[in-house]
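Report on the structure given below.
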Amino acid sequence: MDIETDGRFGNKRVHHRLGPANGAASSSTSGKVCIHWRAGRCNRFPCPYLHSELPEATAKRPSQSGGGGNVWRNPHSGGGGGRGAGGAGGPNKWGRGPGGADGSPRHKVPDRPCRYFLAGDCSYGEKCRYPHSYSMSDSITMLTPLQGHEKVVTGIALPAGSDKLYSGSKDGTVRMWDCQTGQCAGVINMGREIGCMISEGPWLFVGIPDAVKVWNMQTQAEMNLTGPTGQVYALAVGNELLFAATQDGRILAWRFSAATNGFEPAASLVGHQLAVVSLVVGAMRLYSGSMDKTIRVWAATESGSLEVTYTHKEEHGALALSGMPDAQSKPVLLCSLNDNTVRLYDLPSFSDRGRIFSKQEIRAIQVGPSGLFFTGDGTGELKVWQWVIDGSQTK
């Protein structure tokens, strides 16, 4: 068993990361520094390579700026992972420069948070060389987590003018959260897995297997919209239409009828090869994300029909999409993928703005007022985020 990857072995994992004592490392006949030791994951004991820096290699590296507050600093500094005989030159600083004099690679600044931190069991604390953060972006900051659901959060709704945030889950419940206190204010047992949930005006829409459940929160009227095949994974409202993303790859649309005070079927959009799991309406276009690893953009033609005008390829399957302005009122697309990340893209260029990381897949994203937005992941936890202008405020 690779002890380093198994957090249950706490102290043993720390021991193997540190590797043998300096005396054992100094007896190496290779004359090279162990690259696995540099990366903090050497589990060989004894190791045939040095667990200390070569004096001529470290002398060429520039000094590390930022002082003690750098979360990427070497956890071995001043300890068993220090230099060899004599320990000359003080504690190690690593991860600088293109490479050592012996040709071994330098450790690069991490582009993702510590995976042990995300799993909740990193033993290095602030000395960890990987960031302890749920995001890698200068534009957003996390405010607070909301815990209560027992399974993946699949829908989040914030009705206009309401002081309650609603969340739906595969645990079959809808939870109401008080926006002032962050506490759960009530639980509704649906009895079926919830695939998605949104609100528009007085209406609350909940996607369930083979139907969309509709409530009018003012009149308490209730109805079912039939037509979907399988689970309804995403809902969106725009251009006086309600759109539903379905398990069989279709996107269904309904139009509200004032005459019947109900919803009438309006369109069925076909194009995706696998389940459509996310929808966003904006700038007279419908953006759809699918497990076929494409994002499609639907726009009205001169004849009035909707056709694909642009397709953006992703390496991983899309799970949820949401559009909103950032702190400077620039349009941004939030795209959750099945690699446990959310990518932030400027629109319409799709240039990268950063990433959000989670222990499990983020299935729900909801935009709120004043630069707030919410995410719900596979553990059942919701997180509250806010756009910021000053990147130094983020963690």
Side-chain angles (χ1 to χ4, degrees), residues 1-19 33-44 51 53 64-82 91-96 105-147 315-316 336-344 352-362 375-385 388 391-395:
M1 176 182 292
D2 183 359
I3 294 179
E4 186 246 339
T5 61
D6 191 338
R8 295 174 298 175
F9 288 85
N11 293 331
K12 292 184 180 180
R13 174 163 63 83
V14 173
H15 168 74
H16 282 282
R17 275 189 167 186
L18 291 176
V33 179
C34 174
I35 61 174
H36 300 291
W37 171 79
R38 275 204 180 111
R41 59 173 182 266
C42 181
N43 57 13
R44 292 176 290 190
H51 279 206
E53 292 289 0
Q64 184 176 2
S65 61
N70 186 353
V71 296
W72 294 304
R73 66 177 179 268
N74 186 359
H76 303 304
S77 296
N92 280 326
K93 294 182 178 66
W94 50 269
R96 305 291 180 182
R106 291 279 184 246
H107 184 85
K108 297 180 180 179
V109 175
D111 61 356
R112 63 181 298 118
C114 170
R115 61 192 177 109
Y116 295 104
F117 164 75
L118 293 178
D121 64 352
C122 182
S123 58
Y124 284 116
E126 66 174 15
K127 293 185 178 181
C128 183
R129 66 185 64 193
Y130 295 96
H132 280 199
S133 172
Y134 290 104
S135 69
M136 297 289 282
S137 173
D138 292 330
S139 303
I140 59 174
T141 184
M142 192 188 83
L143 300 182
T144 186
L146 303 175
Q147 299 173 331
E315 181 181 355
H316 300 276
S336 175
L337 304 179
N338 61 5
D339 63 348
N340 300 352
T341 69
V342 174
R343 313 294 174 93
L344 281 58
D352 187 20
R353 288 290 297 275
R355 299 184 185 185
I356 293 173
F357 296 84
S358 182
K359 183 177 180 180
Q360 295 184 22
E361 296 173 345
I362 292 176
T375 60
D377 64 29
T379 68
E381 184 176 77
L382 283 78
K383 289 186 176 68
V384 183
W385 303 86
V388 296
S392 65
Q393 299 179 39
T394 61
K395 294 184 179 180

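These numbers come from a predicted model, not from an experiment.
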query = Please walk me through it: do Leu344 and Val342 pass side-chain contact (heavy atoms from CB on, under 4.5 Å)?
reply = CA-CA 7 Å; Leu344 281 58; Val342 174; 4.1 Å; yes
Could you give the distance from [atom1] ([X]) to [atom2] ([Y]), rounded to the nearest 0.5 Å?
X      : Y      : atom1 : atom2 : value
Glu361 : Thr341 : CD    : OG1   : 10.0 Å
Phe357 : Ser137 : CZ    : OG    : 10.5 Å
Lys359 : Tyr134 : NZ    : OH    : 9.0 Å
Leu146 : Glu381 : CG    : CD    : 8.0 Å
Ile356 : Lys383 : CD1   : NZ    : 9.5 Å
Arg129 : Tyr124 : CZ    : OH    : 7.0 Å

request  = Applying side-chain hydrogen bond (donor to acceptor under 3.5 Å, both in side chains) between Ser358 and each of Asn340, Asp377, Thr375, report the one that passes.
outcome  = Asp377
query = Cys122 and His132: which non-hydrogen atoms are nearest, and at how many Å?
reply = SG-NE2, 3.3 Å
key: Over all atoms of both residues, closest heavy-atom pair of Tyr130 and Pro113   = CB-C, 4.3 Å
inquiry  = Run Arg343 and Leu337 through side-chain contact (heavy atoms from CB on, under 4.5 Å) and show every step you take.
reply    = CA-CA 8 Å; Arg343 313 294 174 93; Leu337 304 179; 3.7 Å; yes
